[in-house]
Amino acid sequence: MSTDLTERERKVLEAVIQTYVETAEPAGSRTIAKRYQLGVSAATIRNTMSDLEERGYLYHPHTSAGRIPTDLAYRVYVDRLISPSEITESEEVTLRRELGTGHNAIEDILSKAAEVLGVLTHELGVAVAPSFDEAVLDKLELLQVSSDRLLMVLVLRSGAARTIFVEASSVLPVEAIATVSLVLNERLTGLTLREIRTTLRDRLRDTRAGVGEQELLNIFVEQADHIFDVAAAGGSGVMLGSTQMLANQPEFSSKQRMRTLLEITEQRDLLQDAILASENRGLSVTIGGENSDPKLNSFTLVTSTYQHKGVSGVIGVMGPTRMPYNKIIVLVQHTSRLVGGLLR
């Protein structure tokens, strides 16, 4: 389908989208003529809207005389027509106040970011805890918590630290723990966690070790995929703001639609997969049917990647396809930059 638009079609399409976003009501030609100075009559606007409908940009809801934008219309709007707004002073103050005080753990920062994004955009704020695969190991420490159990502390160059329990099948001598700690630091410091998982066996192959040390080294080799697969504390799930932001919108006024929204927010794996699909794309706007799961066909995801020294994740908002894209895109991008700055 051709997406070439004449100047008149572009102006009418933009007017229909803006009217529908603001009113949640199908836009008619007379309404467009009154709200916007397009320099043409309502009849000409009506004919142009009919042409746009034939081309898949607009559709009639039921018997209404007005028209509603399709996913294709929103896609063209986001890619070619949008004029991004600017962060207001009050929005900037709110973001910096909420994100910049009292939150040291990455998870706390992300949870607060999702919450404040939801409030500012009136959508559902979403965030995925970071992946540490590309984070570089600065050092590790082995702390004995019982005769057959260790606490391994991974300190990453991003500034983050993660702890993992390591279990042994027999008593671990104190001297063996100290020796293994030295070996692991010597062989693994400066590598990413992904590199450690995939090459640990080869890196420890020629290690000269006594019986106690070798047993412990074997545990690290055999369990490398688990021990060095580091997620954020509490798991790498999705963090959500308040669903009340969406519940107040016209799209969710019926009990059935509200029930559908609640079911989706309870399916964290579905949301995580949808959000992470955009992880390597920087800013991403996924509209309606562009989502991989049909359950999200009525929603748009606007997300942006935050990252620092190998720690990366995604933050953004989810809402109905009828949303003020120009405002939301700027807020999501700005918030992701603030989160990245806080990681530094």
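For the single chain, residues carry numbers from 1 onward in sequence order.
- The pair R201-E222 meets the salt-bridge criterion, with a side-chain N (NZ, NE, NH1 or NH2) lying under 4.0 Å from an Asp/Glu carboxylate O.
- The shortest distance between side-chain heavy atoms of I287 and Y325 falls below 4.5 Å.
- Among all heavy-atom pairs drawn from V78 and I82, the shortest one is O-CG2, 3.4 Å.
- Here the straight-line distance linking atom CD1 of I328 with atom CD of Q333 works out to 12.5 Å at 0.5 Å rounding.
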(request) Kindly indicate, with the supporting measurements, whether the criterion side-chain contact (heavy atoms from CB on, under 4.5 Å) is fulfilled by F220 and M152. (result) CA-CA 11 Å; F220 281 96; M152 181 175 71; 3.5 Å; yes
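- Between D202 and R187 there is no salt bridge, since none of the side-chain N atoms of the basic residue sits less than 4.0 Å from a carboxylate O of the acidic one.
- A single hydrophobic cluster is seen to contain both I68 and L72, as judged by linkage of ILVMFWY side chains at heavy-atom distances under 4.5 Å, directly or through other members.
- Nearest heavy atoms, G56 versus T70: O-OG1, 2.7 Å.
- Between E9 and D4 the shortest heavy-atom distance is OE1-O, 4.1 Å.
- Atom-to-atom distance recorded for L270:CG and I275:CD1 is 9.5 Å, nearest 0.5 angstrom.
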(message) Under the criterion side-chain contact (heavy atoms from CB on, under 4.5 Å), I'd like the reasoning laid out for R197 against D133: C-alpha separation, chi angles, the key distance, then a yes or no.
(response) CA-CA 9 Å; R197 288 203 308 272; D133 272 0; 3.0 Å; yes
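- No continuous path of hydrophobic side-chain contacts links V155 to L193 [ILVMFWY only; heavy atoms under 4.5 Å].
- The CG atom of L81 sits 7.0 Å away from atom CG of L5, with the distance rounded to the nearest 0.5 Å.
- Under the 4.0 Å criterion applied to side-chain N and carboxylate O atoms, D108 and K112 are not assigned as salt-bridge partners.
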(request) Please lay out, stage by stage, how T303 and I315 fare under the test side-chain contact (heavy atoms from CB on, under 4.5 Å). (result) CA-CA 5 Å; T303 60; I315 189 165; over 6 Å; no
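- Partner Y306 forms a side-chain contact (heavy atoms from CB on, under 4.5 Å) with one of L342, V339, T335 and no other, that one being V339.
- For the residue pair V126 and V317, the shortest heavy atom distance occurs at CG2-N, 3.8 Å.
- P324 has its side chain within reach of N326: a pair of non-hydrogen atoms, C-beta onward, lies under 4.5 Å apart.
- Between F299 and F252, the ring-plane angle classifies as parallel under the 30° and 60° cut-offs.
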(message) Working note: K11 + V40, criterion side-chain contact (heavy atoms from CB on, under 4.5 Å); need CA distance, chi angles, decisive distance, verdict.
(response) CA-CA 11 Å; K11 289 181 178 179; V40 294; over 6 Å; no
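- Looking at residues two or more places apart in sequence or on another chain, you find a side-chain contact (heavy atoms from CB on, under 4.5 Å) between E22 and Q18, R35.
- Taking 4.5 Å as the limit, every side-chain heavy atom of D71 sits out of range of all side-chain heavy atoms of R75.
- The closest side-chain heavy-atom distance from H60 to P26 is not below 4.5 Å.
- Heavy-atom neighbours of E167 CD from other residues, nucleotides or ligands within 6.0 Å: above the threshold of 12.
- Judged by distance alone, the side chain of D293 and the main-chain N or O of K295 form a donor-acceptor pair under 3.5 Å.
- Distance check: I17 CD1 to E14 CD gives 7.5 Å after rounding to the nearest 0.5 Å.
- Residue R268 places its CZ atom among more than 12 non-hydrogen atoms of other residues, nucleotides or ligands, all under 6.0 Å distant.
- For T192 (side chain) and A135 (main-chain N/O), no donor-acceptor pair under 3.5 Å exists by modelled atom type.
- No continuous path of ILVMFWY side-chain contacts below 4.5 Å connects L151 to I219, so the two sit in separate hydrophobic clusters.
- Here the CG-CE distance, from L13 to M49, works out to 10.0 Å after rounding to the nearest 0.5 Å.
- In the hydrophobic clustering of this structure, L150 does not group with L143; members are Ile, Leu, Val, Met, Phe, Trp, Tyr whose side-chain heavy atoms approach within less than 4.5 Å, directly or through other members.
- Partners of E92 by side-chain hydrogen bond (donor to acceptor under 3.5 Å, both in side chains), not counting sequence neighbours, listed by chain and number: R96, H334.
- Closest heavy-atom contact between A73 and P69: CB-CB, 3.9 Å.
- Within the 4.5 Å cutoff, side-chain heavy atoms of R203 are placed close to those of L191.
- When the side-chain contact (heavy atoms from CB on, under 4.5 Å) test is applied to A27, the partners found at least two apart in sequence or on another chain are V16, T19, I32.
- Atom-to-atom distance recorded for R8:CZ and D51:CG is 9.5 Å, nearest 0.5 angstrom.
- Sorted pairs that involve residues 163-183 and meet ring-ring contact (aromatic ring centres under 6.0 Å, His included), not counting sequence neighbours, are lacking altogether.
- Residues that satisfy the side-chain hydrogen bond (donor to acceptor under 3.5 Å, both in side chains) test with T94, not counting sequence neighbours, are absent from this structure.
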(request) Quick one: do T88 and E91 satisfy side chain to side chain donor-acceptor pair (under 3.5 Å)? Show the steps, please. (result) CA-CA 5 Å; T88 66; E91 289 168 343; 3.2 Å; yes
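- Using a 4.5 Å heavy-atom cutoff, the side chains of R322 and Y74 are in contact.
- There is no path of hydrophobic side-chain contacts, each under 4.5 Å, that joins L182 to V221.
- For D269, the CG atom is loosely surrounded, since the number of other residues' heavy atoms within 6.0 Å does not exceed 12.
- Side-chain contact between V21 and M323: absent, with no pair of heavy atoms (C-beta onward) separated by less than 4.5 Å.
- Counting all heavy atoms, side chain and backbone alike, L154 lies closest to I164 at CD1-CD1, 3.7 Å.
- A salt bridge links K139 with E141: at least one charged nitrogen is closer than 4.0 Å to a carboxylate oxygen.
- Between the side chain of S336 and the backbone N or O of S304 there is no donor-acceptor pair closer than 3.5 Å.
- Q144 is listed as a side-chain neighbour of L172, based on a closest heavy-atom distance under 4.5 Å.
- For D273, there are no salt bridge (charged side-chain N to carboxylate O under 4.0 Å, His left out) partners two or more places apart in sequence or in a different chain.
- A salt bridge is absent between E251 and R257: the closest approach of a Lys/Arg side-chain nitrogen to an acidic carboxylate oxygen does not fall below 4.0 angstrom.
- By the 6.0 Å contact criterion, CD on E89 is open, its count of non-hydrogen atoms from other residues, nucleotides or ligands being 12 or less.
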(request) Evaluate the side chain to side chain donor-acceptor pair (under 3.5 Å) criterion for residues E123 and Q249: first the C-alpha distance (whole Å), next the side-chain angles of each, then the deciding distance (0.1 Å), finally the verdict. (result) CA-CA 9 Å; E123 311 290 352; Q249 298 204 31; 3.0 Å; yes
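- Looking at K327, its side chain does come within 3.5 Å of a backbone N or O of L120 through a donor-acceptor pair.
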